[in-house]
Amino acid sequence: MDVNVKTKASVQIQAFYLFYIIVGIQVGVGIMGAPKFIFLEAEQDAWVSILLTFVFMSIIVLVMFAILKQYKNADIFGIQFDVFGKWIGTILGTIYILHFTASLLSIMLTYSEVVNIFLYNTFPNIALGLVLLSLTIYTVLGGFRVVVGAMFLFFFLSFWLIFLLYDPITRMEWTNLRPMFQASIPELLKGSRATTYTVSGFEILFLVYPFIQNKKNAKLPVFLGIAFTTLLILVTTVISIGYFSPNSLKNVDWSVLLLFKSVSLTFFERLDYIVIVEWVMVILPNLVILMWGVTYGIKRLYKVPQRVSLYVVSLFLLVIVSIVKYEHHITTFTDFVAKVSFWIVFVYPLLLLPLVWIKKKWRKRKGSAST
Amino acid sequence: MRKRNKTKDKSGDTIFPLNIDELEKVISSKFENNPDIKFSTYEQQGRKVAIFFIDYQVDVQKLQESLLGPLLNMEKEWSNDSIVNEIPLNSATKISSLDEILKRLVIGEVIIYVEGENESLTYLLLHKESRSLEKAETESLVLGPKISFTESLATNLNIVRWRIKSTDLVLEEVKIGKTMPHDVRIVYMKSIANEEDVNTLRQRLKELDVDEIEDSVVLKQYLEDSQYNLFPQFDHTELPDRFTYSIKKGKVGILVENSPSGFLTPSTLFSFLESTEDLYMRWQAGTFLRLLRFFAMAFSIIVTPMYVAAVSFQYTIIPTEILITIGQSRAAVPFPPLIEALILEFLLELLREAGARLPTKVGQTMGIVGGIVIGQAAVEAGLTSNILIIVVAMSALSSFTVPSYLLGTTIRLIRFPLILLAGFLGFLGIMFGLSLLIIHLLRLKSLGRPYLVPLYPLRLEDFNKVFYRTPFNFTNKRAKAYKPKDLIRFNKKDATKKRDIDE
């Protein structure tokens, strides 16, 4: 396998699309329930935890860029191949692919649960799976540019949801946020760890980096992207804290969706139905880029055509989604994915960077010795 | 290659020199049962000459005045050279092969053969019936030129030339059709149009292997990027001003013989919603109209499915007052909303199709019968609710605002699967359908260029040509998305320079 990836100019994208890729993959099902989990750890200081997470994210993004910069045009699969050799590189790459697949699965399961709770009580999971997967397959078949295009357009098509929060804001009890700075530092850290599942996904940078046309300008959109996601989580969490009483927030599962329940327009009562349906457009960017990542990774590691792996992975997902029935299974699985993704997204790059540096130095020494 | 063909022609199929009687036999044997071929023989100073043509293909008056008259009054001895010299007509060609003679006869040339010569002479004295220029019927404008293309290619070229008086304008000729060739012209501005686009189009035309084409709309479908989807990929118009406007902005156009419309490429989804009238209006009004059309398109697609979804599944989203009205009007209707909506949409499509097929005078009566009588009766008979009639009518009305008839048809078609989805899955189905539609549009290409440009790939500087209009001094550039050779139209500095007070 080549460490560096040769990408055709026709599939390359401008750097500013990274913003939409990062936001698109970060914002998904996680944000629907995030405020509760952060609040459980850090209470009314949850917003501090979120800001802390932003700091961690920024550090990790810098580390990722530092790793990517050591190579000309490499992705994570190539880098692992280069650093760890063929066998371990393939295993680590496979872990990445499994991580993406697990995220895909947890997104689909969580959304199907939401649809079951809020929309149709007896809606079969397999039907929803078919709906989501057919959209995903159709997008991924179009290639990387269509995937990015879908992320870009669906960002704008779902962005307006945020304006609907005007209503919960007017109903907020601002005193719920006081007293400030009561949480201890371990509590804050725990809170920010609870945020990680929601913000995970920006590791996709490791995969899309070779496809960026103007790599020099890549940093700004990525930072704006993680900042935008942080802002979204911050806003929804603060509104949730103010909107619900402290005790009830600890007990509601989908606090952000519930926020929309009180929104009502003269020609639309009960906008929450629309919001839940509209959430398809929020999770579609997740699904398409993750599916692209999975199939692209399989192609890189095992030389399986993307067209084949796309159908196989989709079938696998469809089977699992239609088998899983119970809510607690979904919750356990999502918790598991959250735990693993913390290690893969937030810890692993920190370990990889020194190794990449060592490898580079070693190669330089070897290079100078041989010449 | 071409040279070799020519020499082969001359040596291979030549039938001359030939006796005139024999020639007459040969020609009439080729036109068996066709009484239209006129073959006449003249003799002067011992030399015989044969003149033959198809009489309705030839301008007979011109033939008499400029060919027969001078020929018979000629004092010199008849020979090919002397005839070419003495006849006051240009465009004489010397040909010798029978195939070539027959081909030229058919397109309206007069053939002269002087006995004993090795070649015959032909003169183009074409007489072509064509209708006069008329007002555009399918695309109508309030302001601006009303004239539309006709079936005559020469007239169309004439109009285009008059509208773009520049040597930059190229009208490249290509023949399409193996057995019944059609003249096809590629129209573009040499100094503006993107070379790659012209080459792609030229190549697609050359690689096209068909026996014949019916019309430009058919040729358009042959050339499009993908045959398997709903959306038209090339813009099709009968308005010369729309045609030349796009040419001047760097697009490539195609005109086809015997077709009253041309088409333009590359196109985007949004170019189907543009009308030249947006330019003739003031920019505020132009912007308003354009946005109105975008809104109308979305509205037309979405409104009936929304009704079906809301009434069948998520009726809580309807405000209570309206819900009561809907409930009252639906009380007598025995069908589920899905069937109700399908019946009414079907009825409306019937009306529209019947209106398009019927003669105009009957068509108006049709509208009244269909729209008022049937609509009213349907409600009273309890077949549909009157709210749905309003919804469907609004949706139909919106779909008529699309300037392109082809896209309008596509929009009408899209509604049916969406209504079905809404009937089965409610709002989730609509969302699924819309997402699929957006992804579909993302995947589409027109002449290899993205269909949703400038939205994706994003080109903010083109937005003022596509989504809204700005005053003319801000539109000093052509659309960047088509990568024209020459991007700048005029100097922006001069255009926006402000004079001092009272200067």
Side-chain angles (χ1 to χ4, degrees), chain A residues 10 12-14 16-17 19-20 111-112 115 118-120 123 127-128 130-132 134-143 145-158 213 263-285 287-288, chain B residues 196 225-226 228-229 269 298 302-303 305-307 309-310 312-326 391 417 421-422 424-445 448-460 467 480:
Chain A
S10 58
Q12 285 179 353
I13 53 162
Q14 293 285 323
F16 75 91
Y17 287 116
F19 173 82
Y20 304 98
Y111 186 66
S112 77
V115 168
F118 287 86
L119 212 55
Y120 308 120
F123 197 63
L128 188 72
L130 271 176
V131 164
L132 293 178
S134 53
L135 290 175
T136 314
I137 291 173
Y138 193 47
T139 316
V140 176
L141 279 177
R145 283 189 81 141
V146 173
V147 168
V148 176
M151 299 188 84
F152 175 69
L153 288 187
F154 285 122
F155 171 82
F156 289 103
L157 287 170
S158 53
Q213 215 168 45
V263 188
S264 165
L265 302 172
T266 46
F267 48 95
F268 267 132
E269 264 169 34
R270 297 292 300 275
L271 267 149
D272 53 327
Y273 283 134
I274 305 283
V275 171
I276 285 153
V277 169
E278 177 73 20
W279 220 271
V280 170
M281 289 194 173
V282 180
I283 62 167
L284 253 185
L287 297 177
V288 294
Chain B
E196 208 178 305
D225 296 55
S226 165
Y228 299 102
N229 65 62
L269 175 67
I302 229 175
V303 66
M306 287 268 265
Y307 171 86
S312 341
F313 296 99
Q314 281 88 20
Y315 44 80
T316 40
I317 70 161
I318 307 172
T320 324
E321 298 82 9
I322 306 177
L323 194 61
I324 292 170
T325 326
I326 292 179
V391 167
L421 278 172
F424 289 122
L425 295 177
F427 275 99
L428 194 66
I430 298 182
M431 198 49 71
F432 170 65
L434 288 181
S435 303
L436 203 66
L437 201 65
I438 291 162
I439 297 166
H440 180 67
L441 287 171
L442 267 170
R443 294 185 52 162
L444 273 186
K445 296 213 154 155
R449 302 212 175 276
Y451 198 58
L452 281 185
V453 89
L455 197 60
Y456 179 78
L458 188 68
R459 301 229 184 278
L460 282 176
F467 296 113
K480 206 178 171 189

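Since we're looking at a predicted model, the values are computed, not measured.
For chain B, the nearby parts of A/Y138 are the backbone and the side chain; heavy atoms of each come within less than 4.5 Å. Neither the backbone nor the side chain of B/P450 comes within contact range of chain A; no heavy atoms are under 4.5 Å apart. For a residue to count as touching a neighbouring chain, one of its non-hydrogen atoms must lie under 4.5 Å from one of that chain's; by this rule A/S10 does not touch chain B. Heavy atoms of A/L157 lying under 4.5 Å from chain B belong exclusively to its side chain. At a 4.5 Å heavy-atom cutoff, B/I322 makes no contact with chain A through either its backbone or its side chain. Heavy atoms closer than 4.5 Å to chain B are found nowhere in A/Q14, neither backbone nor side chain. With a 4.5 Å cut-off on non-hydrogen atoms, B/L458 touches chain A through its backbone and its side chain both. Looking at A/L132, there are no atoms closer than 4.5 Å to chain B (heavy atoms on both sides), in backbone or side chain. Looking at A/V288, neither its backbone nor its side chain comes within 4.5 Å of chain B, counting heavy atoms on both sides. Of the two parts of B/L452, only the side chain, counted from C-beta on, holds a non-hydrogen atom closer than 4.5 Å to a non-hydrogen atom of chain A.
Using a 3.5 Å distance cut-off with no hydrogens or angles, the side chains of A/Y120 and B/Q314 do pair a donor with an acceptor.
Residues B/F427 and A/Y273 place their aromatic rings such that the two centres sit no closer than 6.0 Å.
A/S158 contributes atom OG, which lies 6.0 Å from atom CD of A/E278 (distance to the nearest 0.5 angstrom). Separating the CH2 atom in A/W279 from the CG atom in A/L284 is a distance of 13.5 Å, to the nearest 0.5 Å.
The two atoms that bring B/I430 and B/A309 nearest to each other are CD1-CB, 3.8 Å, heavy atoms only.
With a 4.5 Å cut-off on side-chain heavy atoms, B/L428 and A/F123 count as touching. Taking 4.5 Å as the limit, some side-chain heavy atom of B/I317 sits within range of a side-chain heavy atom of A/I274.
By the neighbour-count criterion of 12 heavy atoms within 6.0 Å, atom CZ of A/F16 is densely surrounded, having more than that number from other residues, nucleotides or ligands.
Your options are A/A150, A/G149, A/G143, and the one with the most heavy-atom pairs under 4.5 Å with chain B is A/G149. For chain A, the option among B/I318, B/L323, B/L425 with the highest count of heavy-atom pairs below 4.5 Å is B/L425. Among A/V280, A/D272, A/V131, the residue with the largest count of heavy-atom pairs under 4.5 Å with chain B is A/V131. Per-residue heavy-atom pair counts under 4.5 Å with chain B were compared for A/L128, A/L135, A/L153, A/V146, and the maximum is reached by A/L135.
Between A/Y20 and A/Y17, the angle of the ring planes lies from 30° to 60°, which puts this pair in the tilted group.
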